[in-house]
Amino acid sequence: MAEKEEDVKLIGSWASPFSRRVEMALKLKGVPYDYSDEDYLVTKSPLLLQLNPIYKKVPVFVHKGKVLLESHLILEYIDQTWTRNPILPQDPYDKAMARFWAKFVDEQVTVIGFRSLVKSEETDVAIKEAQELITYLEKEITGKMFFGGETIGFLDMVVASMIPFCLARGWEGMGINMIPEEKFPELNRWIEKMKEIEIVRECIPNREKNIEHMMKIVGRIKAASKTA
């Protein structure tokens with residue numbers, strides 16, 4: 001018998017890779033949810049401030065009145081609460097490594113990736129640094145259908161939401177092809193495979209709209225750095 005599902009709410013943003021990966025997990029699990037979209041970079045709703053007073057960011061996940069923050073924790077909670085279509089590996093070592101690479105993407109690739117967007121005087125250096133990090137993911141996906149094995153999983157959702165469907169849009173807006181096929185053939189193969197999955201397609205932001213959004217973020221960061 002399927003688990004009882006009720007009172008699931010997600011506060012996110014169409015352009016946030018962190019909330020889009022949570023939506024991928026909910027869709028994969030077949031969990032119905034109420035979605036509220038926040039333009040949190042412009043204004044923060046009273047509900048967002050009430051539920052996430054610490055970070056004041058999305059995603060905010062609410063299940064039966066219980067509030068969860070941070071996308072990695074939310075993904076694990078979803079996986080343990082709705083056990084069908086598991087997204088985390090069952091093997092303890094494989095699970096630990098999935099967490100390791102997810103943290104690597106969000107804490108290393110993302111930081112260096114944004115640096116390549118905003119540090120125009122150091123663009124070549126930042127691109128080289130970002131590509132060196134992405135090379136580790138190229139090696140990790142080689143010989144696999146997905147990062148999680150034969151089916152889409154936790155790490156696939158983290159990598160996809162952050163790199164090809166977020167950072168790459170910003171790089172494209174700057175005229176940078178950060179993940180060329182000749183340099184990253186396996187990663188590009190995986191990206192095309194991800195695009196074939198319906199739940200992923202439903203969560204991919206519109207390309208043109210996303211590029212415009214990323215350029216606005218770059219402009220804000222640059223403006224802030226000049227006044228700092």
Give a yes or no on whether a salt bridge exists between E198 and K27, defined as a side-chain N under 4.0 angstrom from a carboxylate O.
no

Can you confirm whether more than 12 heavy atoms, excluding those of K216, are under 6.0 Å from its NZ atom?
no

Which pairs, with at least one residue in residues 15-26 and sequence neighbours excluded, count as a salt bridge (Lys or Arg N to Asp or Glu O under 4.0 Å)?
R20-E23, R21-D106

Tell me the closest heavy-atom pair linking S161 and P17, and the distance in Å.
O-CB, 3.0 Å

Sorted by chain and number, sequence neighbours left out, salt bridge (Lys or Arg N to Asp or Glu O under 4.0 Å) with K128 holds for none

Is there a path from Y93 to F147 through hydrophobic residues (I, L, V, M, F, W, Y) whose side chains come within less than 4.5 Å of each other?
yes

Electrostatic pair K193:E196 at N-O distance under 4.0 angstrom:
yes

Could you point out which residue of V105, I141, I191, V109 forms a side chain to side chain contact (heavy atoms under 4.5 Å, CB included) with V159?
V105

Run the salt-bridge test on K139 and E186 with the 4.0 Å N-O cut-off and return the result as yes or no.
no

List the residues meeting side-chain hydrogen bond (donor to acceptor under 3.5 Å, both in side chains) with W171, not counting sequence neighbours, and say none if there are none.
S116

Check whether the side chains of Y35 and D37 place a donor and an acceptor atom closer than 3.5 Å, and report yes or no.
yes

Just checking, K209 and W14: is the charged tip under 6.0 Å from the six-membered ring centre and within 45° of the axis?
yes

Does the pair F61 and Y77 meet the rule for a side-chain contact (heavy atoms from CB on, under 4.5 Å), with working shown?
CA-CA 10 Å; F61 181 82; Y77 178 86; 3.7 Å; yes

